[in-house]
Structures are given as C-alpha cells and as structure tokens.
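Down below is the structure, laid out as structure tokens.
Just so you know, these numbers come straight off a predicted model, no measurement behind them.
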Amino acid sequence: MTLHISDRCIGPGEPIFVVAEACDNHLGSLEVAKAMVREAKAAGADAIKFQHHLPDEEMLPDVPRSANFDADQPLYEFLKRHALRLDDHRTLKAYCESVGILYLCTPFSYRAAEDLNELGVPAFKIGSGEMTDFPSLTRIAAFGKPMLLSTGMSTLKEIDETVTVMTQAGAVFGLLNCVSEYPPRYEDVNLGVITVLKARYPHLVIGHSDHTSDLYTAFAAAALGASIIEKHVTLDKRQRGPDQAVSIDMAELQTLVEGIRKIERALGAVKRVHDLERPIRAWAFRSVVSTRLLSAGQVITEDAIWTKRPGTGIPAKRLHEVIGRRLKRNLPPNTLLSWDDLE
C-alpha cells in the first residue's frame with residue numbers, strides 16, 4: 001500500500017517521508033515561519049507542516065490547561081494571539097513551492113479543513129485529538145485528499161473503529177504511531193506498536209510522529225519500518241511555547257534526515273559476502289598451520305596443527321580432514337598447510 005502526496009509516493013520500499021512539524025513555534029510571525037521553511041529545506045526534510053487554528057471552532061475558551069504547555073497564557077488565548085491567519089498560510093504555501101519543499105498543514109476543526117481545501121493543500125494531517133472525531137473526519141475525507149492520522153492517546157480498539165469509519169467513508173489514509181506526552185517517558189513510547197500497526201493494517205501506510213526531545217526513537221522508528229517520520233522543529237530551543245519541550249532545532253533536523261537516509265540504505269535483508277568484505281575475509285578467516293617442526297612422511301596428529309590467520313590456506317573448518325594424513329615435505333613451525341603438502 002502506498003500514499004501519493006503531491007509528487008511523492010510514500011510507503012514500504014519508498015524513501016521515508018520526513019515531515020518537519022513547525023507547529024506554532026513561529027509565534028505568529030510570518031517571517032519566522034518563512035525562515036523555518038528555508039531551514040527545513042536546507043536540512044533535507046521532505047515537507048514542513050504548519051497548523052491552522054480557528055480557536056472558536058476547535059475549543060471552548062476555558063479548555064483545561066495541559067501541564068506540558070510552556071507558555072504564560074491559556075491555550076485559547078495563546079492561539080488567539082499567535083495562530084497564523086489564512087492569508088499567512090496562503091503565503092507560506094506559495095513560499096514552500098518557491099523553495100522546493102512540500103507544504104502541509106493540520107486543521108484543528110472542520111472549518112479549518114474547509115479553508116485548507118480551498119487553499120489547495122495536497123493532504124490533511126490529523127492530530128491525535130481529532131482521531132475519534134468521526135463527524136469531522138468523514139467530512140474531511142469527502143474532500144478526496146490523502147489523510148495522515150496520528151494515534152496518540154488511543155487504544156487499539158479505538159484505532160480499529162477509526163480505520164473502519166475511514167474505510168467506509170472511502171478515505172485514502174495512513175496512520176502515525178504516536179504518544180501524546182510532551183515529552184514522553186521512554187517507557188511509554190512503545191515503538192513496537194509500529195510493527196503491531198503494520199501487521200494489523202497491512203493495507204495502510206504506517207508512520208511515526210515523535211514527541212521525544214532527541215533523535216533516538218525517531219531513528220529506531222525508521223529501522224522498524226515507519227514510512228513517515230514527523231518531528232517538531234524550532235529555530236531556537238530556548239523559546240517558550242506549547243511545543244518547546246518536544247522540538248529539535250534545525251541542526252538536529254539535518255542530523256535526523258542524514259541518519260534516516262543512512263538507516264534506509266542499511267535495511268537490506270540479503271546475507272552474502274560483499275565485495276568490500278572479500279579482502280578482509282582473506283586475512284581474517286583462519287587456516288590450518290603447523291604448531292611445531294614436522295618432517296616429510298610424518299603422520300599428522302591433532303597436537304601438531306592448529307588454526308591461525310590468514311584464511312588463505314586449508315580452511316579451519318576442515319582441520320579434522322588433515323589429521324591422519326601423511327606429509328610430503330618438511331614443514332617449519334607456524335607454516336600454512338596446503339592440500340599439496342599431503343599425501
């Protein structure tokens with residue numbers, strides 16, 4: 001199963017799709033957001049993702065404040081002050097196209113999805129909080145664009161229900177393994193769920209949205225077969241905000257992308273002797289050698305031979321075939337035996 005987002009094919013056998021999640025780390029500044037676009041492109045990310053918030057459409061003003069929220073005001077007030085406007089998203093989408101990186105965006109309400117659809121987004125990223133919002137999901141699916149659904153805070157039963165609803169709605173979608181802790185305890189990350197999701201939904205593209213403050217679990221997710229890696233990014237890790245604790249900087253993003261590309265190259269499943277191993281094999285393997293002076297005509301006993309490097313003589317694994325054979329010539333100690341030395 002593959003997903004097509006713009007000109008990118010995403011799925012098993014394809015390059016891992018790396019998404020730089022800009023979230024609201026721009027604090028509402030279009031110029032900062034543009035700088036994030038440039039830096040994400042320079043770091044090698046495939047896409048940069050923003051968020052479209054219409055606070056009155058997505059929450060009540062007195063929504064409880066999360067302990068992870070590192071800002072000096074309630075989320076509702078923060079978004080009222082710092083969320084990008086639709087014209088900002090329009091500008092950023094055009095700017096991404098000029099820079100050569102894919103623009104993605106998360107709608108946090110159906111009304112926001114309508115805006116983004118009119119804007120021409122190639123796909124919808126759905127946050128974990130909306131994963132069981134079936135009324136919104138089915139309406140968004142009707143736009144006919146690929147959807148990427150994060151699965152944080154959800155049980156497998158709830159994921160099953162969402163998959164059923166999305167399938168019945170005719171949606172083209174994938175799932176992102178996710179833990180909605182900011183940052184999560186490593187004991188809670190459970191990267192093995194990636195393989196569980198791949199086995200449970202073999203017809204879906206499975207990725208990983210990572211909320212740790214470093215790169216280790218994202219690298220491991222790539223090794224476990226995640227087709228998408230999403231990671232929060234910021235220009236300055238010292239900046240306070242709702243995602244400060246889970247964001248990496250752009251230098252770390254570059255390290256992440258470089259590491260993922262190396263991991264991809266290393267994920268083959270063929271076991272053979274490689275060309276670059278052959279010269280090493282020649283000296284590193286062991287051969288049968290004499291342990292003391294041996295005379296022509298002597299019958300070789302077990303205590304007269306052993307194995308040492310290099311591996312250019314009689315292979316060590318065939319030592320038992322040498323015992324009991326008669327020598328044709330004198331052999332000094334520490335001499336490689338050859339089959340020509342034996343009667």
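Atom CD of Glu264 has more than 12 neighbouring heavy atoms from other residues, nucleotides or ligands inside a 6.0 Å radius. Open room surrounds OH on Tyr216; 12 or fewer heavy atoms of other groups in view lie less than 6.0 Å from it. Annotation: Arg292, atom CZ; neighbour count of heavy atoms from other residues, nucleotides and ligands within 6.0 Å is above 12. Counting non-hydrogen atoms of other residues, nucleotides and ligands closer than 6.0 Å to CH2 of Trp306 gives a total of 12 or fewer. Atom NZ of Lys80 has more than 12 heavy atoms from other residues, nucleotides or ligands within 6.0 Å.
The heavy-atom pair separating Pro12 from Ser227 by the smallest distance is N-OG, 3.6 Å. Counting all heavy atoms, side chain and backbone alike, Phe50 lies closest to His26 at CD2-CD2, 4.0 Å. In plain terms, the two heavy atoms of Pro135 and Thr138 that are nearest each other are O-OG1, 3.2 Å. Here the closest heavy-atom approach between residue Val299 and residue Gly324 is recorded as CG1-O, 3.7 Å. The shortest non-hydrogen separation linking Tyr201 to Val163 is CE2-CG2, 3.8 Å. Residues Asp160 and Arg200 come closest through the heavy atom pair OD2-NH2, 2.7 Å.
Arg325 and Asp341 are not joined by a salt bridge, as no carboxylate oxygen comes within less than 4.0 angstrom of a charged side-chain nitrogen. By the 4.0 Å N-to-carboxylate-O rule, Lys328 lies too far from Glu343 to be salt-bridged with it. At a threshold of 4.0 Å, the pair Glu21-Lys125 does not count as salt-bridged, since none of the basic side-chain nitrogens sits closer than that to a carboxylate oxygen. Here Glu258 does not pair with Lys262 in a salt bridge; the nearest charged N to carboxylate O distance is not below 4.0 Å. Between Glu252 and Lys237 there is a salt bridge, since a side-chain N of the basic residue sits under 4.0 Å from a carboxylate O of the acidic one.
Using a 4.5 Å heavy-atom threshold, the side chains of His232 and His211 count as touching. Here the side chains of Ile323 and Ile305 are in contact, with some heavy-atom distance below 4.5 Å. The shortest side-chain heavy-atom distance between Asn190 and Val179 does not fall under the 4.5 Å cut-off.
Under a hydrophobic-cluster definition in which Ile, Leu, Val, Met, Phe, Trp and Tyr are linked whenever side-chain heavy atoms come within less than 4.5 Å, directly or via other members, Ile206 and Val172 are assigned to different clusters. At a threshold of 4.5 Å between side-chain heavy atoms, the hydrophobic network of Ile, Leu, Val, Met, Phe, Trp and Tyr places Ile228 and Leu175 in two separate groups. In terms of hydrophobic clustering, with Ile, Leu, Val, Met, Phe, Trp and Tyr side chains grouped at heavy-atom distances under 4.5 Å, Val121 and Met166 are assigned to a common cluster. Linking ILVMFWY residues whenever their side-chain heavy atoms come closer than 4.5 Å, directly or via other members, leaves Leu148 and Val18 in distinct clusters. Under the 4.5 Å side-chain contact rule for hydrophobic residues, Leu92 and Leu253 share a cluster.
Relative orientation of the His89 and His52 rings is perpendicular, given thresholds of 30° and 60° on the angle between their planes.
In this structure a side-chain-to-backbone donor-acceptor pair under 3.5 Å is present from Ser290 to Thr335. In terms of modelled atom types and a separation under 3.5 Å, the side chain of Lys41 and the main chain of Gly100 share a donor-acceptor contact.
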Residue pair Thr301, Asp303: steps toward the side chain to side chain donor-acceptor pair (under 3.5 Å) verdict: CA-CA 6 Å; Thr301 56; Asp303 63 347; 2.5 Å; yes

Full working for salt bridge (Lys or Arg N to Asp or Glu O under 4.0 Å) between Asp87 and Arg85: CA-CA 5 Å; Asp87 282 345; Arg85 309 307 178 198; over 6 Å; no

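Under 3.5 Å, the side chains of Ser209 and Glu230 contain a donor-acceptor pair of N or O atoms.
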